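What follows is a single structure, written as structure tokens, with notes after it.
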Amino acid sequence: MTPSLPLLLLLLGLMGAQATFDHRTAAAMAAGLCKTRPTDLVFIVDSSRSVRPSEFEQVKVFLAKVIEGLDVGTNATRVGVVNYASRVKNEVSLKTHRTKSALIKAVTRIEPLSTGTMTGLAIQFALNVAFSEGEGARTRSNDISKVAIIVTDGRPQDNIKEIALRAREAGIEIFAIGVGRVDMTTLKQMASDPLDDHVDYVESYSVIEKLTKKFQEAFCACSNAATDVVFLIDGSKSVRPENFELVKKWINQIIDKLDVSDSKTHVGLVQYSSSVKQEFPLGRHNSKKDLKDAVKRMAYMERGTMTGQALRFLTENSFSPGQGARPGVSKVGIVFTDGRSQDYIGEAAKKAKENGFKMYAVGVGNAVENELKEIASEPTGEHYFYTADFKTMTQIAKKLQINICQDEDPCECDSLVKFQKKVEVAIQALTKKLENMSKRIALLENKIV
């Protein structure tokens, strides 16, 4: 005899709850692999009359997506939102919301002010009010970052240069995002140094979401993340000495972005032409200054372009324990070339990716796009870059975001470990309930029979 309808529904409900819990667990683990460093973050959003209502909705979607990637909480990241036009409105204080869902809900309720563009007034308000302790900001310290992200589409009607300087001197890191016909000089006057990292431009509000990943990665700081990064640099004669100096500056730009230390990121450097030369192995230099000095000392090899041979060296030597590579640590290879390889690269490129190395390919001048794609990890669109001129390599350094919190090898942040334990306990409890329910159903069936 089948169980009674109420019992059957209860049983199915419990089973559904477990399935839902498992689904949410997987989603949470996929979306929240990393804990962002403690930050007081304030969005300063232009809603002047030049921003159409539909465009303002797209700005709110961008804000929500950035928030979704943060580790929001009292002791983690606090978020505020300042809305401005001719006047300033404090939409969300740093002290107001402590969960992502509450923050995102508050963002969806923001309405445009639709008047002028008083950007200087908005920055002044952020400095005096939004980042004040009374509004929930924490005392200035090395452990707490203070960040403002300004989104604007026009030329300000007031002076912003001096107030932006005062905000930066107060320890606020300013990112400036310009949309459409924005005044680029104004963005540069607002933003922190280096400007390449802190000024962004998009053609329209419809594509502002493409900046989401940059800001999610900018705030990512897993407490126990570690990465081994090896540069594989083309030193062939086609590069030329003056351009080789630009390549070295480009390498040091990327090193500036990395969290270099004994326990975090280690960097190695290999130069190749007709032969391969290891400039220094992983772990030899564990401060940015020592690394950058070593890069500056690298002598230009000249001769041919044996990229395949260099890739084999990277795979067989650079990431081996004997050359300083650490077991269980994410491996990242950054390959730079300015021309077609004189040997076959396919097998070595495939082997590097099969070994789990995240491979970036960067080409300049006569570099061959198909070769770059063959070297790059999937998705190739995010892992290969090309520019026609060595002088514009700084733009590639800006775009090349080495995400330490990799999907392939998620770091086990404390919050994630605690979450997993809660999940295990909850599933065990649900399983026990199901077992008890099955026994009760069996007893009822016996009584009915």
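Owing to the predicted nature of the structure, the values given are computational and were not obtained by experimental measurement.
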Item to check | Intermediate values then yes/no, side-chain contact (heavy atoms from CB on, under 4.5 Å), T186 and K188 | outcome: CA-CA 5 Å; T186 298; K188 292 175 182 178; over 6 Å; no
Next on the checklist: What verdict does the side-chain contact (heavy atoms from CB on, under 4.5 Å) test give for R340 and E371, after you've listed the backbone C-alpha separation in whole Å, the side-chain angles of each residue and the deciding distance to 0.1 Å?
Outcome noted: CA-CA 8 Å; R340 184 184 295 275; E371 288 187 356; 3.5 Å; yes
Next on the checklist: Determine whether I149 and L41 satisfy the following criterion, side-chain contact (heavy atoms from CB on, under 4.5 Å), listing intermediate values before the conclusion.
Outcome noted: CA-CA 8 Å; I149 299 178; L41 168 63; 3.8 Å; yes
Checklist entry - After noting the C-alpha distance and the side-chain angles of F231 and V295, does the key distance pass the side-chain contact (heavy atoms from CB on, under 4.5 Å) rule? => result CA-CA 10 Å; F231 289 90; V295 169; over 6 Å; no
Item to check | Stepwise salt bridge (charged side-chain N to carboxylate O under 4.0 Å, His left out) test for E55 and R52 | outcome: CA-CA 5 Å; E55 293 173 333; R52 299 185 185 95; 3.0 Å; yes
Checklist entry - Given T265 and D259, is the side chain to side chain donor-acceptor pair (under 3.5 Å) satisfied, shown in steps? => result CA-CA 6 Å; T265 302; D259 189 7; over 6 Å; no
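Within the 3.5 Å criterion, the main-chain N or O of T96 finds no donor-acceptor partner in the side chain of S93. K288 places a side-chain N or O within 3.5 Å of a backbone atom of L258 that can act as its donor or acceptor partner. Not a single donor-acceptor pair under 3.5 Å links the side chain of R98 to the backbone N or O of R78. Side chain of K264 to backbone of A226: no donor-acceptor contact under 3.5 angstrom is found. Remark: side-chain polar atoms of E369 are not paired, donor with acceptor, to backbone N or O of G363 under 3.5 angstrom. The backbone N or O of M359 lies less than 3.5 Å from a partner atom in the side chain of S377, making a donor-acceptor pair. A distance-only check finds no donor-acceptor pair linking the side chain of E91 to the backbone of V81 [under 3.5 Å]. No donor-acceptor distance shorter than 3.5 angstrom exists from the side chain of E302 to the backbone of G235, with no hydrogens or angles considered. With hydrogens and angles ignored, the 3.5 Å screen pairs a side-chain donor or acceptor of S47 with a backbone N or O of L113. Looking at Q342, its side chain does come within 3.5 Å of a backbone N or O of T305 through a donor-acceptor pair.
Using a 4.0 Å cut-off between a side-chain N of Lys or Arg and a carboxylate O of Asp or Glu, R284 and D290 do not qualify as a salt bridge. The residues R168 and D193 are annotated as not salt-bridged, no charged nitrogen and carboxylate oxygen being separated by less than 4.0 angstrom. Ion pair K289/D293 flagged as a salt bridge, since at least one NZ, NE, NH1 or NH2 atom sits closer than 4.0 Å to an Asp/Glu carboxylate oxygen. A salt bridge does not link R181 with D153: none of the charged nitrogens is closer than 4.0 Å to a carboxylate oxygen. A salt bridge does not link R166 with E169: every distance from a Lys NZ or Arg NE/NH1/NH2 to an Asp or Glu carboxylate oxygen is 4.0 Å or more. K350 has no carboxylate O lying under 4.0 Å from a charged side-chain N of E347, or vice versa, which leaves the two without a salt bridge.
Between Y272 and F313, the ring centre distance reaches or exceeds 6.0 Å.
For the side-chain contact (heavy atoms from CB on, under 4.5 Å) criterion with V364, the lone passing option out of Y386, W250, F336 is F336.
More than 12 heavy-atom neighbours from other residues, nucleotides or ligands sit within 6.0 angstrom of CD on E57. Under a cut-off of 6.0 angstrom, the local environment of CG in N128 is crowded, with over 12 non-hydrogen atoms contributed by other residues, nucleotides or ligands. For CZ of R155, the number of neighbouring non-hydrogen atoms (other residues, nucleotides, ligands) closer than 6.0 Å is 12 at most. The neighbour count for K89 NZ, taken as heavy atoms of other residues, nucleotides or ligands under 6.0 Å away, does not exceed 12. At most 12 non-hydrogen atoms from other residues, nucleotides or ligands lie less than 6.0 angstrom from NZ of K237. Shown here is K249, whose NZ atom has no more than 12 heavy atoms of other residues, nucleotides or ligands within 6.0 Å.
Q323 is listed as a side-chain neighbour of Q278, based on a closest heavy-atom distance under 4.5 Å. Looking only at side-chain heavy atoms (C-beta outward), M298 and K248 come within less than 4.5 Å of each other. Contact check for V247 versus I233: side-chain heavy atoms found under the 4.5 Å cut-off. At least one side-chain heavy atom of I334 sits under 4.5 Å from a side-chain heavy atom of V229.
Across all non-hydrogen atoms, the minimal contact from M306 to S341 is C-OG, 4.3 Å. Contact record, F131 with D40: CE2-O, 3.5 Å, taken as the closest heavy-atom pair. A170 approaches L127 most closely through the heavy-atom pair CB-CD1, 3.7 Å.
Atom CD of residue Q189 and atom OG1 of residue T119 lie 11.0 Å apart, to the nearest 0.5 angstrom. Atom OG1 of T77 sits about 10.5 Å away from atom CG of L103, to the nearest 0.5 Å.
In this structure, H383 and Y360 have tilted ring planes: the angle between them lies in the 30° to 60° band.
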